[in-house]
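Data first, discussion second: the structure below is written as structure tokens.
Letters A, B, ... mirror the listed sequences (proteins, then strands); counts begin at 1.
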There are 4 protein chains.
Amino acid sequence: MTDAFTTIGLISKPDDPAVAETLGVLCRDLLARGATVLLDETAAAGFERPPAAVLDRQTLAARCDLAIVVGGDGTLLNAARSLVDAEVAVLGVNLGRLGFLADVSPEDMPERLGAILAGEYQEERRTLLHAAIIRDGETLSESDALNDVVVHKWDIARMIELETRIDQRLLNTLRADGLIVSTPTGSTAYALSGGGPILDPALQALVLVPICPHTLSNRPVVVSDRVCIDIRVYGSEDREAQVTCDGQVNFLLGAGDLIRIRRKAQTLRLIHPARHDHFAIMRRKLRWSEQP
Amino acid sequence: MTDAFTTIGLISKPDDPAVAETLGVLCRDLLARGATVLLDETAAAGFERPPAAVLDRQTLAARCDLAIVVGGDGTLLNAARSLVDAEVAVLGVNLGRLGFLADVSPEDMPERLGAILAGEYQEERRTLLHAAIIRDGETLSESDALNDVVVHKWDIARMIELETRIDQRLLNTLRADGLIVSTPTGSTAYALSGGGPILDPALQALVLVPICPHTLSNRPVVVSDRVCIDIRVYGSEDREAQVTCDGQVNFLLGAGDLIRIRRKAQTLRLIHPARHDHFAIMRRKLRWSEQP
Amino acid sequence: MTDAFTTIGLISKPDDPAVAETLGVLCRDLLARGATVLLDETAAAGFERPPAAVLDRQTLAARCDLAIVVGGDGTLLNAARSLVDAEVAVLGVNLGRLGFLADVSPEDMPERLGAILAGEYQEERRTLLHAAIIRDGETLSESDALNDVVVHKWDIARMIELETRIDQRLLNTLRADGLIVSTPTGSTAYALSGGGPILDPALQALVLVPICPHTLSNRPVVVSDRVCIDIRVYGSEDREAQVTCDGQVNFLLGAGDLIRIRRKAQTLRLIHPARHDHFAIMRRKLRWSEQP
Amino acid sequence: MTDAFTTIGLISKPDDPAVAETLGVLCRDLLARGATVLLDETAAAGFERPPAAVLDRQTLAARCDLAIVVGGDGTLLNAARSLVDAEVAVLGVNLGRLGFLADVSPEDMPERLGAILAGEYQEERRTLLHAAIIRDGETLSESDALNDVVVHKWDIARMIELETRIDQRLLNTLRADGLIVSTPTGSTAYALSGGGPILDPALQALVLVPICPHTLSNRPVVVSDRVCIDIRVYGSEDREAQVTCDGQVNFLLGAGDLIRIRRKAQTLRLIHPARHDHFAIMRRKLRWSEQP
């Protein structure tokens, strides 16, 4: 038995009318069960008259002990980055299409909710990355990422040349469209499209996946998540390469900028219903069990 | 025995000091053999005092019967697009690194040159693509490509959604970073990095290679080069996707633009020394014969 | 309008009780429409009392103008090899699971049958391969293949070394588990699992797909189907390599044996209902249209 | 500074005349430096008159504190399995071609040897797998593997169906030619040919790589090396599947046999010269730094 939850924050996919109904049902259900409900601005927009207090994301993070995120995996990625520092537990409710992260359907929610509030759930710790853009020794910008940090060409037609160091040691130089550094969580997202392997979420590892590498033996490399990864883009002019975190946060690179990627100290508390089976979700999402 | 050549145009990689020496030797050698030599502006820039007439590319194309291109595969791609309509024979001299197209080294050139001018050579016909960007039924811009036409995301973080039709029939919709349409010539270039197969240059076929497709069964598809390929980018705003020909010519796409790709009627006359062996070049470039 | 069919041969998957009902319905329907029905031994086994003449496969092939094959793609591969020389038209009825070749379901059959018998159908010509095992200049054994000819290691733990020549010219040597030579028809079968591209059935091409190659740049190669492919297994002892046609016909190789693969002169007449769409079958079989 | 070595066992590739000279030089050098030298039978065969005591492998393992293995990676794999239980340090000398494991050349050996004997070296711990074939609850056979345990089809033409469980939980069922379970050490060997990622040797992980899977989304999966992997071959008759350890030790499977794979408790003490750089060996072996 794990901790029970009493103050629940609601966060949702913005600007999606489909979300309003699910939010409404969920909010009424929580209030009926005696929970304190807080809404962030995305969730409040789903109500004509918000039935609970509306807070900015950081205040909500500080006050709730469980955040329920209604949307898809993209919404949860966004929420995870803003909630991880406050150590809030996070539960994802998907809008019809099973996600790797948002793995509870609106239909199952009423049945699951009582058990979860009462402390019957599974909690996993998911690793995040922290990426910093460093110029002349100073950090210009930084961001967390739950899925991946991608360094990729920008505003130019073809390949860029990347040098990667692992704990200061040269791993390789790479001519490619870019390089994906992915957590186990991200290994079923963009990294998989790029040809990377699937990492078990429990594995303390990262994978570096080259995007369309010129040299065919430049294959994905899996390393411990305790390493420091330094990436430089060679010979590029300003604005010819970009860093993207979770496909959502972007930084344009100047010539000579260093991208430093480390495991973030805080981990995400991801909540699943009891008897959650990650492999079963993979089999269903990747259609492993079906015969075409 | 094939036709002898008497008027030779010289084209070179621009702004590369390494090219000047090779050009000088080549030019003297051609004049000593009694050939008429014409220089385009890139080649003329390699001489303090150009030793032959300097013409713009189109006039040169109209007057010479053989163009010798000094540089790498990239220089030859550029030259090929500007020479193909004039049906000029094209020979590539590489600057030290063997190319798939520029397959004569400066060292071998003096020995090869006499034979080639005398008509002892092999001539291949290489297929080009023609790409047109069509908006509301009108062609906005168009370009040829010897290697590939690539439709790819631009100025956005993640995937675009493409619909591809072959001779008006729906092939598929695709969520990906982009789609490469490649000739056999281009199949050893960017398409290979994207996971495509190698097409024999003699094959009358094209290959469609998805770049980092979301659906893992979206694999490269090889079709006849007689088809008409229509690609639309779905749901994109202006400037979220781009078309690139041979990595050198770019067009930004507006929402709803259609990209129509067909085989170009004219083919490139690519010249090789006698006893040229394309497979031997592949084995050497792709290091098939070596043991690591 | 194409030719009408009057004499119909029935062939089925052997030893499958599920096939009997479909065969019974089909046979009654054909007789009711006035067709002459012939059964081969596999189909006859589906009836307690065969309602039509029972013939061996070759006699059936000689007498019927359409063969309906009830089973899956595997049954159709087997039937195709035995019917191709007689130039019989072949139609595949699948048992519940859509096939690339057996693309009519038992449920749709009654509705389709009248039209097909009346000559309303599409006819495609599918290329087959012919493989010969040659020792000391003599052909030891030979077989046709509609999907693929595979040369693979046998009874040894690791890789074999293969030398491949295209029209006598060395393509490469290859250390691998084997090499798949596939028709366009076979490109969606084993060759796809091995990392090969999809070839349009209309394309006059073959693809060579290495199985687990030691050198990572040994990628699939697509060549014209007019070539002669010669494969030798190097340094192997007797019985260390095998040739398999369509996964169904096997020959053990002796040391030094040559495998010669050519396009077969006769092509398979594959029948589809009118308005057949091969791309639609690919989208459905490969789940291109679905969102996971 | 690590421990010095005084008793050195020599093991070599059997039946290779090239090995004799290297062994002779090495043996004289060791004796001149005052070391006690022991030969196993493979090494003794390289001498007309063995200059040192000849012991069977197990006695040699019990008595020496360093084993020097002269050959290639294959020889070292064999030696590793026989030495790991005795906790002997192992150093690999290659015969001309750099290995991932046998990373000292005969030319460098004289220079390196003094330092290594004196305790100036790097020591790595490499994980091995232990595979057991279990029938009706009893272990029929078992073996260790430094690179990989491979379950693959045998004596049948096409795919087998495998069910894999991780710590008793179903991962997936798989139709494929086989499944490779590889250590980080093996990730640059057969698993790489099968499309697997490269695992850093320091990572406590295993990778499961399907061989030619029928379902294209069956991708390599990386898991912790603390798990228990259970594999069953479904619906196979006796002798239709085989288990191979390091490509060297084979077991035929009976219908219903279970293959249980765990990390071996003992790890291999792999010795490298000081300033050894694993990434540099990868760059050289995989030709990452070269331009084709």
Side-chain angles (χ1 to χ4, degrees), chain A residues 161 163-175 182 184 187-188 191-210 213-227 275-280 282-292, chain D residues 161 163-175 182 184 187-188 191-210 213-227 275-280 282-292:
Chain A
E161 191 163 349
E163 182 197 85
T164 304
R165 292 182 177 268
I166 305 287
D167 285 340
Q168 315 299 331
R169 285 190 304 142
L170 177 66
L171 173 67
N172 59 28
T173 55
L174 176 68
R175 291 205 298 153
S182 170
S187 71
T188 50
L192 194 62
S193 295
I198 295 166
L199 307 191
D200 190 90
L203 194 70
Q204 294 183 325
L206 307 174
V207 60
L208 288 78
V209 180
H214 181 263
T215 297
L216 302 179
S217 59
N218 270 122
R219 296 279 288 268
V221 177
V222 185
V223 296
S224 161
D225 67 4
R226 306 295 149 134
V227 303
R275 286 172 302 284
H276 163 76
D277 182 348
H278 180 71
F279 292 160
M282 286 212 294
R283 291 195 300 270
R284 195 161 147 207
K285 292 277 293 177
L286 297 172
R287 302 187 177 286
W288 282 345
S289 347
E290 294 171 38
Q291 300 292 346
Chain D
E161 192 163 350
E163 181 197 86
T164 303
R165 292 180 177 269
I166 306 287
D167 286 340
Q168 315 300 330
R169 285 190 305 143
L170 177 67
L171 173 66
N172 60 27
T173 54
L174 175 69
R175 290 205 299 153
S182 170
S187 73
T188 50
L192 193 62
S193 295
I198 295 166
L199 307 191
D200 190 272
L203 194 71
Q204 295 184 324
L206 307 175
V207 59
L208 288 79
V209 180
H214 181 264
T215 298
L216 301 180
S217 61
N218 270 121
R219 295 280 288 268
V221 176
V222 186
V223 297
S224 162
D225 66 4
R226 306 296 147 135
V227 303
R275 287 173 301 284
H276 163 75
D277 182 349
H278 179 71
F279 291 161
M282 286 211 295
R283 291 195 300 271
R284 195 162 147 206
K285 293 277 294 176
L286 297 172
R287 302 187 178 285
W288 281 346
S289 345
E290 294 169 39
Q291 300 292 345

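A distance of 11.0 Å separates CZ of Arg165(D) from CZ of Phe279(A), quoted to the nearest 0.5 Å. The CG atom of Leu203(A) sits 11.0 Å away from the CZ atom of Arg226(D) when rounded to the nearest 0.5 Å.
Here the side chains of Ile198(A) and Met282(A) are in contact, with some heavy-atom distance below 4.5 Å. Counting heavy atoms from C-beta outward, Arg287(A) and Thr215(D) have side chains that stay 4.5 Å or more apart.
The shortest non-hydrogen separation linking Pro197(D) to Val207(D) is CD-CG2, 3.8 Å.
Contacts with chain A were tallied for Val223(D), Asp200(D), Asn172(D); Asn172(D) has the most, counting heavy-atom pairs under 4.5 Å. With respect to chain D, the highest number of heavy-atom pairs below 4.5 Å among Pro184(A), Ala202(A), Gly196(A) belongs to Gly196(A). Contact tally against chain D (heavy-atom pairs below 4.5 Å) for Leu170(A), Ile166(A), Leu216(A): the top residue is Leu170(A). The most heavy-atom pairs under 4.5 Å with chain D, out of Leu199(A), Asn218(A), Thr173(A), come from Asn218(A). The most heavy-atom pairs under 4.5 Å with chain A, out of Gly195(D), Ala205(D), Ala280(D), come from Gly195(D).
In this structure a side-chain-to-backbone donor-acceptor pair under 3.5 Å is present from Ser182(A) to Ser187(A).
Contacts between Leu192(A) and chain D at a heavy-atom distance below 4.5 Å involve backbone atoms as well as side-chain atoms. Neither the backbone nor the side chain of Leu174(D) comes within less than 4.5 Å of any heavy atom of chain A. Contact of Leu171(D) with chain A is made through backbone and side chain together, with heavy-atom distances under 4.5 Å.
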